[in-house]
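Start at 1 and go down the list; that is how both ligands and their atoms are numbered.
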Amino acid sequence: MSRPLLALLLLAALLPAAEIAPAPAASEVERYVALFNQDLYALKGPKGAVLTPMAGAFDAPASDIARDVAQATWFSLLVFLPFLILPQILLVWIIWKYRKKQDGRTPATFTGNHRLEFVWTAIPVVALVIVSIPIWDLLVKMEAPPADQRRDMVVEVRGKTFAWDYKYQRLGGDAPTRREDQFEVGQDVVGVQEPLVLVKDRRVILNLTSNDVNHAWWIPAFGVKKDTFKGRYTNTWFTPERLGLFKGQCAELCGQGHGIMLISALVVDEPDFAVWTQLQRNRGDSVRVWSALSGPEVDAKALDEAVAAYLKKGSDPWRTFALRYWVASNAASVARKPGDLPAALPARRATLESVINRLGAAPSAAAN
Ligand SMILES: [Cu+2]
């Protein structure tokens with residue numbers, strides 16, 4: 001073995017492994033399902049289910065770009081407001097002052113006043129120039145990608161009739177993104193749209209495209225609205241600054257399902273995002289377990305085999321936590337759809353729990 005290679009291997013052995021936080025307790029499953037798999041279509045209000053309102057960019061900006069947009073809007077409103085109000089005041093005053101007074105005098109008539117016409121043209125032109133300066137700056141800022149992107153999250157956004165797919169190309173932050181961190185989220189195994197999950201104060205760059213017709217990705221609270229086209233990429237960026245679920249809507253009339261082509265972004269803090277990435281890493285193999293659990297009847301043998309296969313790839317606390325999470329998350333998605341399955345699922349999750357405990361406690365025994 002060559003000496004530089006040996007030195008490199010030695011260095012790799014000495015470097016601390018990427019730190020992974022301990023897995024949450026099984027009792028935390030419901031908390032994370034409630035956070036990551038929120039009902040994107042409805043909010044249970046006092047009057048029953050109502051559509052979750054979209055927060056606006058002006059009353060509640062939730063990103064750096066949205067703050068700039070709100071500021072620019074208020075500024076132009078301030079500059080233009082006198083043009084709306086002053087003529088109305090003048091009009092009322094003139095009508096009152098020169099009303100017919102029944103004193104026998106006839107009103108004077110006159111047309112044209114070049115000086116006045118010049119003034120009332122020049123003043124609006126100056127106002128437009130004043131407003132255009134900060135707006136131009138902002139437009140350039142929105143269009144130009146940030147110069148230093150090393151810490152940025154990068155996500156490919158793909159519109160399709162009538163849902164969204166998100167491909168995480170880079171998670172951003174301090175740690176370099178590994179190949180296994182290039183997650184794809186979209187619709188879960190039950191077909192429920194998943195939100196775009198972002199980290200508070202971590203800038204995100206979106207590369208947007210479409211599978212079919214034109215769509216537009218729009219979340220007002222982030223101050224971002226961008227068209228998506230098939231065969232071509234558009235880009236946008238922003239830094240989410242508030243925690244929470246932010247609602248949007250496809251903003252390009254794209255077909256029958258356009259009205260329900262909702263958009264949601266969930267902004268979480270670093271620790272919750274770390275949990276979310278661990279869940280994504282351990283997601284794929286959980287589908288087989290879900291299939292064994294979600295049929296008309298539970299096939300005990302198939303379930304045993306699916307759980308054993310899942311645990312064979314790793315039975316550490318993160319693996320078992322992720323398995324419990326994905327089954328619970330799919331159950332939450334199913335519960336939003338009509339059918340008999342939701343009522344049966346609590347009992348089936350208890351069955352899964354006993355299988356995990358039986359196989360997870362002694363994975364070597366399961367192999368025998
Ligand atoms: Cu659309």
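Among the atoms of H215, an N, O or S atom falls under 2.8 Å from the Cu ion (ligand 1). Residue contacts to the Cu ion (ligand 1): T161 brings no N, O or S atom closer than 2.8 Å.
For M261 atom SD and C254 atom SG, the angle they make at the Cu ion (ligand 1) is roughly 100°, to 10 degrees.
When the shell of 6.0 Å around CZ of R150 is examined, it contains 12 or fewer heavy atoms from other residues, nucleotides or ligands.
Judged by the 6.0 Å distance and 45° axis criteria, R288 is not positioned over the aromatic ring of W290.
For the pair V355/D304, a side-chain contact is recorded, criterion being any heavy-atom separation below 4.5 Å from C-beta on.
Checked options D68, I219, I65, I205; the residue passing with F238 is I65 (criterion: side chain to side chain contact (heavy atoms under 4.5 Å, CB included)).
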